[in-house]
Amino acid sequence: MLHHFQPASLKGAFERLGSVQYDPLNPVGQNHDLVLQARVPGYSVGDWLELAYQQRFLYDAWDKQASLVMMQDYPMRRIYYEWHAPRWREAILDRYPAAVKTVLDELKERGPLKSTDFYYQEHHEQWEGSWYGPKLTKNVLRALWHTGQVHTYRRNKGKHVYDLARKVVPSYLYEAEPIPAKQCIDWLVLQRHKALGLMRPNAGTAVWSLGISAAERSMHLQELLKRGALVAVDIDGVIYHALPQTLEHLDKSVKTDDHQMRFVAPLDQLMWDRPAVGHLFNFEYVWEVYKPKTLRRWGYYVLPVMLGDGFVARIDSSMINGVWRVHKWYWEDGVKPAPELLDALEQAVSRFRCYLKAETLKLPRGLNSTLRGAFRAGFKV
């Protein structure tokens with residue numbers, strides 16, 4: 001894919017994408033790791049951590065769900081705190097002011113803390129089974145995080161370690177003058193297009209993840225089209241929007257390796273708009289992790305497999321204690337495993353082994369000998 005998978009440095013991948021969706025599930029690295037391994041040569045699980053928690057090139061924020069975003073974009077992204085504030089004020093901040101003060105005071109006095117490290121803990125039975133659980137302290141911290149008063153200082157085994165926002169965000173960004181809402185929204189809309197390449201104006205609300213109505217979003221899109229900041233493209237009767245520079249890049253005959261096979265993250269930007277993926281690639285994808293096992297068609301954590309500019313297969317696998325276990329491999333309908341395709345798979349397996357730092361490969365029973373041979377050869381490279 002000329003737009004999505006041109007090789008980049010780790011910083012370059014974030015500069016191109018703008019954000020990478022963070023997801024805690026970890027069968028073969030977490031979603032953000034998978035997004036990066038498809039773009040950054042030599043990437044291994046966890047390589048992003050230094051950029052976030054030592055260099056502060058990245059920070060944890062809300063974009064399309066929880067995400068890793070660039071610190072330099074902080075002033076533009078503060079609008080999310082305004083969008084989230086009414087909900088969290090009503091649910092937590094205005095309802096439990098004493099708890100809010102206690103939590104903030106502890107952070108001031110003790111420095112970075114996990115939610116379970118706070119002296120102040122209060123259990124609310126009515127929140128049993130809720131997303132953030134029954135502890136008032138954790139709910140307060142999430143309210144403060146979503147409204148920009150605390151930030152993720154680092155992560156401890158995936159768990160947020162919180163600190164006051166002014167201690168995490170560089171002062172020149174934290175104290176920057178507020179940017180008008182319209183300018184922030186236009187910037188976020190353009191960022192979405194930069195990340196996805198081609199974007200349907202009627203993509204689902206979850207894809208946009210903006211705190212404005214569909215009608216307001218449409219107004220912003222129309223103005224950006226009139227200004228020439230976006231261009232409309234008709235692909236087989238479906239209208240997409242793109243940045244002019246994206247189309248210029250695609251029009252250039254950029255040399256790409258059509259034999260490069262990639263395992264794609266389930267929440268990769270390429271996969272965000274599933275109807276668009278179906279239309280552009282004739283590829284139906286459903287992430288089945290939250291489906292009961294009996295209702296899954298493909299498997300628990302299935303990764304789409306791309307070769308060049310098309311999807312050729314799906315893989316369901318997991319990594320535990322250094323063992324990469326392949327549960328299922330599915331060729332797409334009409335795909336014939338010709339020698340060049342198996343060679344591409346062999347190279348993809350080799351890269352994925354290095355990304356996972358896997359020590360052992362386990363293949364499922366019933367896998368045909370040719371496919372088994374490609375996996376084994378790639379794992380040994």
Side-chain angles (χ1 to χ4, degrees), residues 1-22 28-45 47-48 51 57-58 63-64 67-70 72-73 190-200 207 229-231 233 235 240-273 276-277 279-281 283 285 303-313 315 340-341 343-356 378:
M1 291 283 292
L2 292 181
H3 177 74
H4 277 279
F5 298 120
Q6 283 290 299
S9 66
L10 188 51
K11 285 186 176 180
F14 277 98
E15 288 165 351
R16 185 188 304 165
L17 295 171
S19 71
V20 174
Q21 190 170 344
Y22 185 101
V28 280
Q30 294 169 298
N31 178 75
H32 41 285
D33 287 308
L34 287 162
V35 169
L36 295 168
Q37 62 82 31
R39 294 166 171 83
V40 181
Y43 180 87
S44 295
V45 170
D47 282 354
W48 64 275
L51 282 189
F57 179 81
L58 308 172
D63 186 66
K64 184 186 178 293
S67 297
L68 300 168
V69 304
M70 292 188 295
Q72 68 184 31
D73 296 336
L190 293 175
Q191 281 291 114
R192 279 288 180 275
H193 288 80
K194 182 181 178 183
L196 272 72
L198 294 170
M199 191 161 186
R200 296 184 306 137
V207 177
L230 289 176
V231 178
V233 183
I235 302 178
Y240 293 82
H241 293 163
L243 302 179
Q245 55 266 39
T246 299
L247 297 178
E248 289 171 10
H249 175 69
L250 294 178
D251 285 340
K252 293 177 182 177
S253 298
V254 179
K255 185 178 180 180
T256 184
D257 185 357
D258 289 335
H259 298 289
Q260 175 85 32
M261 183 179 284
R262 295 175 180 86
F263 299 162
V264 180
L267 303 176
D268 193 286
Q269 271 83 338
L270 178 63
M271 307 304 298
W272 279 1
D273 186 2
V277 171
H279 175 248
L280 293 170
F281 299 99
F283 183 75
Y285 181 71
L303 306 183
V305 179
M306 290 200 81
L307 179 64
D309 59 1
F311 292 94
V312 296
I315 181 172
E340 60 270 19
L341 191 57
D343 287 343
L345 172 59
E346 186 176 318
Q347 294 303 313
V349 168
S350 177
R351 290 189 298 272
F352 209 67
R353 176 189 64 83
C354 293
Y355 150 74
L356 290 173

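If you read the sequence from its start, that first residue is 1, and numbering goes on from there. Note that the structure is a prediction, hence the values are computed from the model and not measured.
In this structure, the side chains of Val207 and Arg200 stay at 4.5 Å or more apart for every pair of heavy atoms. With contacts defined as side-chain heavy-atom distances shorter than 4.5 Å, the pair Arg16/Gln6 qualifies. In this structure the side chain of Glu15 reaches within 4.5 angstrom of the side chain of Met70, judged on heavy atoms. You'll find the side chain of Met271 reaches within 4.5 Å of the side chain of Phe283, heavy atoms only. The closest side-chain heavy-atom distance from Leu280 to Tyr240 is below 4.5 Å. When side chains are defined from C-beta on, Leu36 does not count as touching Asp47, because their heavy atoms never get closer than 4.5 Å. With a 4.5 Å cut-off on side-chain heavy atoms, Phe14 and Val20 count as touching. Two residues are said to be in side-chain contact when any heavy atoms from C-beta on lie closer than 4.5 Å; His4 and Arg39 meet this criterion.
Residue Leu190 comes nearest to Ala229 through the heavy atom pair CD2-O, 3.9 Å, listed as atom of the first residue, atom of the second, then distance. Considering all non-hydrogen atoms of both residues, Gly29 and Tyr355 come closest at CA-OH, 3.4 Å. Lys194 and His3 get closest at one heavy-atom pair: O-NE2, 2.9 Å. Scanning all heavy atoms of the two residues, the minimum distance from Gly12 to Ser9 falls at N-OG, 2.9 Å. Scanning all heavy atoms of the two residues, the minimum distance from Asp33 to Ser44 falls at OD1-O, 4.5 Å. Closest heavy-atom contact between Ala13 and Ala8: N-CB, 3.8 Å.
Put simply, the side chain of Gln347 never gets that close to the backbone of Ala344: no donor and acceptor are under 3.5 Å apart. A donor-acceptor pair under 3.5 Å is formed between the side chain of Asn31 and the backbone N or O of Gln21. Of the possible polar contacts, none joining the Asp63 side chain to the Ser19 backbone as a donor-acceptor pair under 3.5 Å is found.
Atoms CG and CD, from Leu267 and Gln30 in turn, are 11.5 Å apart once rounded to the nearest 0.5 Å. Taking CG of Leu196 as the start and CG of Leu243 as the end, the distance is 10.5 Å to the nearest 0.5 Å. Taking CG of Leu58 as the reference point, atom OG of Ser67 lies at 11.0 Å (rounded to 0.5 Å). Taken to the nearest 0.5 Å, the CG atom of Leu230 stands 7.0 Å off from the NE2 atom of His241. Considering CG of Asp268 and CG of Leu303, their distance stands at 10.5 Å, rounded to 0.5 Å. Rounding to the nearest 0.5 Å places CG of Leu198 at 8.0 Å from OG1 of Thr246.
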Could you check Phe263 against Val28 for side chain to side chain contact (heavy atoms under 4.5 Å, CB included), going step by step and ending with a plain yes or no? CA-CA 11 Å; Phe263 299 162; Val28 280; over 6 Å; no

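The aromatic rings of His32 and Tyr22 lie parallel to each other, their planes meeting at an angle below 30°, with 60° marking the opposite boundary. In this structure, Phe311 and Phe281 have perpendicular ring planes: the angle between them is above 60°, well past the 30° mark.
Here Arg192 does not pair with Asp273 in a salt bridge; the nearest charged N to carboxylate O distance is not below 4.0 Å.
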